[in-house]
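Here is the structure we will look at, set down as structure tokens.
Note that ligands are numbered from 1 as they come in the structure, with each ligand's atoms numbered from 1 the same way. We number each residue from 1, following the sequence as shown.
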Amino acid sequence: MTLIVWLALVPATLCAQQGATEIPLKYGADRVGKREDPAMIKFRENRLGAFIHWGLYAIPGGEWNGKVYPGAAEWLKSWANVPSDEWMKLMDQWNPTKFDATAWAKMAKDMGVRYVKITTKHHEGFCLWPSKYSKYTVAQTPYKKDILGELVKAYNKEGIDVHFYFSVMDWSHPDYRSSIKTPADSVAFSRFLEFTDNQLKELATRYPTVKDFWFDGTWDSSIKKNGWWTAHVERMLKELVLGVTINSRLRADDYGKRHFDSNGRLMGDYESAYERRLPDPVKDLKVTQWDWEACMTLPENQWGYHKDWSLSYVKTPIEVIDRIVHAVSMGGNMVVNFGPQPDGDFRPEEKEMAKAVGQWMRRYGQAVYACDYAGLPKQDWGYYTRGKEGEVYMVVFNQPYSRRLTVKTPKGVTVKKAELLTSGEQLDVVETARNEYNISVPAQDQGEPYVIRLQMHSKEGGKDSYRDALT
Ligand code: FHN
């Protein structure tokens, strides 16, 4: 049996379906299992993305009328109870003189991200493109220009895919309802859904290179009760943009069940519930059955620009890299958030993080891009990933005092060779017990998380060199 065959068996085992009674659904999952077309494979192989949260909220940066609110800056309108017409006056100050789409794209390229998710419209309702369906857009600001269009062009020029974040919940729209209590609400909300359809069609046709729509603000009961509409949006966008991917957060089924339908099947193309958290690498292996994407902030919970980051712990670049690799080791993507300043520049902490992640990715990206769950039991030193050719990487975050890294293999699988990815230094491989090995750490301290490439062999029906204990 080849190593690849052994690895291919792992998800199949995990996928075993339980024989539950099927609930008939009109608006449930369109598919069972992962999409395997070229666009989805590209989405998956990209593995590392950046999130851009940029809107009017960047201007007050968490402060309203002299009071600093510690909550997420993009929710300030809600924290400070600011009426929409007052909030929208911020548009008069939207003039990001330092905004340079080419520089943003270069920074993303240097960081090693393969895609960028941009907030076309966040909950506040301000549109980064000149939508003809709203008066709250970049076109009505002193800046005037189509920010989204500039970014799509610049990122694509660097070979970076662009994904559109879109909040269905829109605090600026008079017809939005969080719940439907009266027939009048129902009429207003129908108008709102039509407006949303128009904006989405506009985005899909104005920017045809868009690769993904990432929906947010879909948790209200008004939307959950209109599962048909979420299924319709997915289909509509897929007809407009060939290969486009859609996150699970958009969807609700006939019974208002979100992400996974009433039969437990994923709706949309990938699970997007992992926000500021990750699956447990030992207990949550079920996530390897579907595509998924996690997103993270640098402070605990700030997506848009907040002027005072001292209010929260800010993650170090190594912690960011740890989360990226953790996600990939469980078959997911990671998206790292940026909240640009109102002047269009990035704060120094974000620039430093992007630079450090980029330096690491240039050395070790081979163990991240196009990699997947390796099917080996988790060890304390870090994470395994598996490359497209079946090669296994050990990404070492915790260097043990014993200077020995434990590797445990399934029955019949042996470790033949271990080498340091950067220099090719051969590391000792010692078989210490049945299906258990010690790999020596590199002679020199690497001073950063490093990667070891393993050469493994799987023998069909081969005999183990240890006798089964008859106990
Ligand atoms: O409320 C938003 C939040 O501001 C941010 O955009 C995140 C990103 O995943 N999504 C929502 C909360 O789930």
Study note, to complete from the structure: At a 4.0 angstrom heavy-atom cut-off, ligand 1 is contacted by His53, Glu74, Trp75, His122, His123, Tyr165, Trp214, Asp216, Trp219, Arg249, Glu275, Cys295, Trp303

List the atom pairs, donor and acceptor, that lie under 3.5 Å between side-chain atoms in residues 235-242 and the rest of the protein, sequence neighbours left out.
| residue | atom | partner | partner atom | Å |
| --- | --- | --- | --- | --- |
| Lys238 | NZ | Glu234 | OE2 | 2.6 |
| Lys238 | NZ | Asp269 | OD1 | 3.0 |
| Lys238 | NZ | Asp269 | OD2 | 3.1 |

Review point. Is a side-chain donor-acceptor pair under 3.5 Å present for Trp229 with Asp197?
Key: yes

Review point. Angle class for the His53/Trp303 ring planes (parallel below 30°, perpendicular above 60°, tilted otherwise)?
Key: tilted

Review point. For Tyr165 and Asp216, does a side-chain donor sit closer than 3.5 Å to a side-chain acceptor?
Key: yes

Review point. Does Phe51 have its ring centroid less than 6.0 Å away from the ring centroid of Trp214?
Key: yes

Review point. With under 30° as parallel and over 60° as perpendicular, where do the rings of Trp219 and His123 fit, or are they tilted in between?
Key: perpendicular

